[in-house]
Number of protein chains: 2
Amino acid sequence: MNFDIAMERLKSEGFKRTPSREAILRLLEREDRYLSAGDVRKALADQHPKMSQDTVYRNLSSFSEMKILEETELGGERKFRMHCNRHGHHHHFICMECGRTEELDVCPMEQVSRALPSFVIDDHKFEVYGQCPDCRTAG
Amino acid sequence: MNFDIAMERLKSEGFKRTPSREAILRLLEREDRYLSAGDVRKALADQHPKMSQDTVYRNLSSFSEMKILEETELGGERKFRMHCNRHGHHHHFICMECGRTEELDVCPMEQVSRALPSFVIDDHKFEVYGQCPDCRTAG
DNA sequence: TTTCCAATTCGGAATGACTACGATTTACTC
DNA sequence: GAGTAAATCGTAGTCATTCCGAATTGGAAA
Ligand SMILES: [Mn+2]
Ligand SMILES: [Mn+2]
Ligand SMILES: [Zn+2]
Ligand SMILES: [Zn+2]
């Protein structure tokens, strides 16, 4: 997903176009990795020193709910990234140093569904953590 | 894992046998599901009203580090359960109503390792969420 | 263009999980 | 039974997140 498509999505769902929303989405498009609300505030501190934490949290949550962003929880913190372009279901490798992700095609849920016929399955989480090639070289 | 094996493990690693530790481990053995620190405090409020949160958190963390407990993070909270008896690596279905778990044999990490040869893989998380047969019937 | 108002943001206080820490108590060794 | 390090207690602090009332603003309607 890119900035323009995200803004269209907002408009089509009746959200207003505000400087805060533009700045947050532009940042996430540019960074292309998982950022916490605090990361976002820091990154926008120069251009938008008055943006309140309420605004950051509220918008990140809204964007996540409407699938503009992908969200996970790492180290007790919510983290957000621009939703991948790829169609359909996928998971991520996440670099614990820089937050960058690599998309994974693997998903074992068909097997699991078959193994648990009497359970209601609502959701699942599959994430792989480590060091990306760039961070590995740099380290 | 059961209470007695857990106490042996504590002893062998030089930890003292205290009423707090016994109560926490007995509770987790009996419940056999994921509990938060708050859940533990509430459950022990009758028998051990003076047990401080420091004691609960410190011991749950210690037990988790020494693999007496399994730990996960759900809804922004750390949760703990007695480590399964099963040998070797596995994952869980977790009932979002009652916290009970079902062990899963499926793990897609061999495929992932093959797909990401230039990445350092340190860890992964695979969890399935939903409703267990008991809660389904009860609901 | 101006008016209008619900949506949005702001600033700051409240919440809740978790951690830190000095004082006190306790489990184990001798 | 005395000594000592470990463990616990009580409480205060931290940090991410949420809440709330007041002020501002985007964009539709006049
Ligand atoms: Mn993705
Ligand atoms: Mn297990
Ligand atoms: Zn990296
Ligand atoms: Zn259940």
Side-chain angles (χ1 to χ4, degrees), chain A residues 3 6-27 34-66 68-69 71-81 99, chain B residues 3 6-27 34-66 68-69 71-81 99:
Chain A
F3 175 84
M7 291 309 299
E8 279 175 33
R9 179 82 56 85
L10 285 179
K11 179 163 212 171
S12 76
E13 299 202 24
F15 287 78
K16 294 180 179 175
R17 180 172 187 131
T18 70
S20 295
R21 286 175 176 159
E22 288 188 13
I24 292 170
L25 288 173
R26 285 220 153 87
L27 172 69
Y34 275 111
L35 297 181
S36 67
D39 294 333
V40 171
R41 286 199 83 193
K42 282 188 209 89
L44 299 180
D46 292 335
Q47 301 292 328
H48 300 268
K50 298 301 200 48
M51 192 185 297
S52 76
Q53 51 184 339
D54 180 273
T55 297
V56 174
Y57 279 106
R58 182 169 23 76
N59 282 318
L60 288 175
S61 290
S62 300
F63 299 163
S64 179
E65 274 175 35
M66 68 181 77
I68 289 173
L69 303 182
E71 178 175 356
T72 190
E73 191 169 342
L74 283 173
E77 258 186 322
R78 294 171 75 186
K79 304 233 178 187
F80 305 85
R81 57 160 292 137
Chain B
F3 175 84
M7 292 308 300
E8 280 174 31
R9 178 83 55 85
L10 285 181
K11 178 161 214 172
S12 76
E13 299 202 24
F15 286 77
K16 294 180 178 174
R17 180 172 188 129
T18 69
S20 295
R21 286 174 175 159
E22 289 188 12
I24 292 170
L25 289 172
R26 285 222 152 87
L27 171 69
Y34 275 111
L35 297 181
S36 68
D39 294 334
V40 171
R41 286 200 84 195
K42 282 187 210 90
L44 300 180
D46 291 337
Q47 302 291 329
H48 300 266
K50 297 301 199 50
M51 192 184 299
S52 77
Q53 52 184 339
D54 180 275
T55 296
V56 175
Y57 279 107
R58 182 171 22 77
N59 282 318
L60 289 174
S61 290
S62 300
F63 299 163
S64 179
E65 274 174 36
M66 69 181 77
I68 289 174
L69 303 182
E71 177 176 356
T72 190
E73 191 170 341
L74 282 173
E77 259 186 320
R78 294 170 75 187
K79 304 232 176 186
F80 304 86
R81 54 160 294 137

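Reminder, nothing fancy here: chain letters follow the sequence lines and each chain counts from 1. Because the structure is predicted, anything quoted here is derived from the model rather than measured.
- Taking atom CG of residue B:Leu35 and atom P of nucleotide C:dC18, one finds them 13 Å apart after rounding to whole Å.
- Side-chain contact check for A:Ser52 and A:Thr55: at least one donor-acceptor pair (N or O, by modelled atom type) lies under 3.5 Å.
- Look at NZ on A:Lys11: it is 11 Å from C1' on D:dA28, rounded to the nearest Å.
- Side-chain contact between B:Leu25 and B:Phe63: present, with at least one pair of heavy atoms (C-beta onward) separated by less than 4.5 Å.
- Put simply, the side chain of A:Arg17 does not reach to within 4.5 Å of the side chain of A:Leu10, judged on heavy atoms.
- Between the CD atom of A:Glu71 and the P atom of D:dA16 there is a distance of 16 Å, rounded to whole Å.
- Here the P atom of nucleotide C:dT19 and the CD atom of B:Glu77 are 12 Å apart, to the nearest Å.
- As a whole-Å value, the separation of B:Tyr57 OH from D:dA7 C1' is 19 Å.
- In this structure, the CZ atom of B:Arg41 is 13 Å from the C1' atom of C:dG16, given to the nearest Å.
- Taking atom CD on B:Glu73 and atom P on D:dT17, their separation rounds to 10 Å, with Å as the unit.
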Report, one pair per line, the protein and nucleotides 7-11 of chain C atoms (nitrogen or oxygen only) whose separation is under 3.5 Å.
| from | atom 1 | to | atom 2 | distance (Å) |
| --- | --- | --- | --- | --- |
| C:dA7 | O4' | A:Lys16 | NZ | 3.3 |
| C:dT8 | OP1 | A:Lys16 | N | 3.2 |
| C:dT8 | OP1 | A:Arg21 | NH1 | 2.8 |
| C:dT8 | OP1 | A:Arg21 | NH2 | 3.4 |
| C:dT9 | OP1 | A:Thr18 | OG1 | 2.7 |
| C:dT9 | OP2 | A:Arg58 | NH1 | 2.4 |
| C:dT9 | OP2 | A:Asn59 | ND2 | 3.2 |
| C:dC10 | OP1 | A:Lys50 | O | 3.4 |
| C:dC10 | OP2 | A:Ser52 | N | 2.9 |
| C:dC10 | OP2 | A:Thr55 | OG1 | 2.8 |
| C:dG11 | OP2 | A:Lys50 | O | 3.3 |

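- Heavy atoms only, all atoms of each residue included: A:Asn59 and A:Ser20 are closest at ND2-CB, 4.4 Å.
- Within 6.0 Å of the CD atom in A:Gln47, the count of heavy atoms belonging to other residues, nucleotides or ligands does not exceed 12.
- Note on B:Lys79 versus B:Glu71: no salt bridge recorded, every NZ/NE/NH1/NH2 to OD/OE distance being 4.0 Å or above.
- One can place CE of B:Met7 at 11 Å from C1' of C:dA27, the figure rounded to the nearest angstrom.
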